[in-house]
2 protein chains.
Amino acid sequence: MTDSHKMGISERKEREKEQKRSLMLEAAEALILEKGLDNLNMTEVADRAEVSKGSLYQYFESKTDLVLGICNKATGLLTKEIQKVLTQDKPGIELVHMIGSTFMSFVTQHPEYFRAMKFHDNLKETSDLEDSTFLDSCSTNMQSSFTCMVRAIQIGMQDGSINSSYDPKELALILWATSHGMVSMAYQHQNTQHFNLLNELGINLKSLFENFMKMIGCGIATEAQKGNYDSQSFFETNGTN
Amino acid sequence: MTDSHKMGISERKEREKEQKRSLMLEAAEALILEKGLDNLNMTEVADRAEVSKGSLYQYFESKTDLVLGICNKATGLLTKEIQKVLTQDKPGIELVHMIGSTFMSFVTQHPEYFRAMKFHDNLKETSDLEDSTFLDSCSTNMQSSFTCMVRAIQIGMQDGSINSSYDPKELALILWATSHGMVSMAYQHQNTQHFNLLNELGINLKSLFENFMKMIGCGIATEAQKGNYDSQSFFETNGTN
DNA sequence: TCAAAAAATGACCGATAGTCACAAAATGGG
DNA sequence: CCCATTTTGTGACTATCGGTCATTTTTTGA
């Protein structure tokens, strides 16, 4: 038996292992959609993926690790979509808008992914030194998304569409945090059955997001640009492949 | 034995019951501060409060109910502080600033309360018809806080400090959501030991929050007011006490 | 064909939320 | 002050679920 043959085998095994892992993740995602992350049950995940519990634990160290695996997919996907925005030849301020829209539609289209991302955020405050294969990867992905926001702002400051009196990184952080707040509200609105401000006020999400963008636009635009973005809708420019 | 005497007894009992409940809540809060909400253990809460587990469960239906009890205290306190802001005779846009600052300092000063509030948010998406005595009260409190924001905006539109092209309630919702995003970031920064954008970027929270306010100020101010709030710090105007 | 390695399995364990039969304490009329 | 009744307190116990591991099954490769 040749070395290359051996190599072929181990490669195939690696592929199969990755496929099985992926299947298990999909089972977990489906269950999260059905019953919520808080009701996720490892035995059920195993059953759904048609493997035994022991087998599941051969692919994921723990329940935390499993959810972080989903978060890893999520942040990877989101980052890819955001990076694609940056390839477009548009004014910086418009790129910022599009990044926001991308984030928003990502969350509404993949609530279970956003749920996993919230779980990840939560972990960071709670657990003392958890170790998961996916933690680093998640952080790197998020870092990449954030860097895209910084780039968009820098582009905007270069092309004169964004007020350069702000520090780019600081502004990026503000936009990231505020977008997160908006997106969280959208998520909650979509996934909550109980009391909820939006319905009560008769406000629709789309209009809300448009006005958020308008406010941001006014807040960060240069004097020359003010008013340009007042009545445009950026809600449509979502990153649907 | 007179009726009034009987009444006196039952009132005293009610007071004592409320005191004990409060003691249990305090025990839980302390444990959350020490070990995080996710490591909160009912037996430990009982021990800390110097009662038995069974007794604890006479005062709170479930662990969820206990945490919602903390959330109830939290939202009550926050609402009180925000309402106090509104009693001041200031331009509307400044009231908006102060509400934001109040929220921010509330969270940094009472991380365990904010944690309980996040738990409450989480419940709404997860659980199918949980029943807790505190759920309604929490919602009412949050509603009150939100109403304060609407009031501040209406005041600002009246006195000409806030651009009245927005719908007041919609703008309030935007400010609420974005503030929540900023405050969440501050919370995470303060309570996370791991990887964290802020330290890495060498940005300090105070400056970040000031610039958030500046951006908001630009975004919602009337033309006449633009530039007035550019370099002011609203971070200090927190509702201590 | 068969022995060694890898993967799969599910009975089992420990932790913890929640319960309940019983005990202690408080109440109030005589 | 005593005793019956109601209220409150207690901790052993149960059920559930995350995680483990000895054993079985499958795959590998000579």
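In what follows, every chain begins at residue 1, and chains take the letters A, B, ... in the order their sequences are listed.
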Can you measure [X] atom [atom1] to [N] atom [atom2] for me and round it to whole angstrom units?
{"X": "B:R21", "N": "D:dG9", "atom1": "CZ", "atom2": "P", "result": "11 Å"}
{"X": "A:E44", "N": "D:dT16", "atom1": "CD", "atom2": "P", "result": "13 Å"}
{"X": "B:E61", "N": "C:dT19", "atom1": "CD", "atom2": "P", "result": "10 Å"}
{"X": "A:K63", "N": "D:dG19", "atom1": "NZ", "atom2": "P", "result": "8 Å"}
{"X": "B:N41", "N": "C:dT16", "atom1": "CG", "atom2": "C1'", "result": "6 Å"}
{"X": "A:K35", "N": "D:dC17", "atom1": "NZ", "atom2": "C1'", "result": "12 Å"}
{"X": "A:D47", "N": "C:dA8", "atom1": "CG", "atom2": "C1'", "result": "14 Å"}
{"X": "B:M42", "N": "D:dA15", "atom1": "CE", "atom2": "P", "result": "20 Å"}

Using a 4.0 Å heavy-atom cut-off, write out nucleotides 21-26 of chain C from 5' to 3' as B (base contacted by protein), S (sugar-phosphate only) or - (no contact). ------
Could you go through B:R48 and B:E26, starting from their C-alpha distance and side-chain angles, then the distance that decides it, and tell me whether this counts as salt bridge (Lys or Arg N to Asp or Glu O under 4.0 Å)? CA-CA 9 Å; B:R48 175 70 71 107; B:E26 277 163 31; over 6 Å; no
Have a look at A:K20 and say if it touches a base, only the backbone sugar-phosphate, or nothing, with a 4.0 Å heavy-atom cut-off.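 Here A:K20 touches the backbone only, sparing every base.
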Counting the atoms with a prime plus P, OP1 and OP2 as sugar-phosphate, which does A:L66 contact under 4.0 Å by heavy atoms, base, sugar-phosphate, or nothing? nothing
Rounded to the nearest 0.5 Å, what's the gap from NZ on A:K118 to CG on B:N122? Could you check?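 If I round to the nearest 0.5 Å, the distance is 5.5 Å.
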State the OH-CG distance between A:Y57 and A:D65, to the nearest 0.5 angstrom. 10.0 Å
If you define the side chain from C-beta out and look only at heavy atoms, does anything of B:L123 sit under 4.5 Å from B:L68? yes
Do B:N211 and A:L171 have side chains that get closer than 4.5 Å, going by heavy atoms? no
Among residues 49-60 of chain A, which contact DNA chain C at a heavy-atom distance under 4.0 Å?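 Under 4.0 Å from DNA chain C: A:V51, A:S52, A:G54, A:S55, A:Q58, A:Y59.
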Think A:K17 forms a cation-pi with A:Y59, using NZ or CZ under 6.0 Å from the six-ring centre and within 45 degrees of its axis?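 A:K17 over A:Y59 ring: yes.
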Ignoring hydrogens, what is the shortest heavy-atom contact between A:T192 and B:E125? Give both atom names and the distance.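 Looks like OG1-N, 3.7 Å.
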If you measure from the Lys or Arg side-chain nitrogens to the Asp or Glu carboxylate oxygens, is any gap between B:E18 and B:R15 under 4.0 Å? no
Mark yes or no for whether A:S144, through its side chain, and A:T140, through its backbone, hold a donor-acceptor pair below 3.5 Å.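 At least one qualifying donor-acceptor pair exists.
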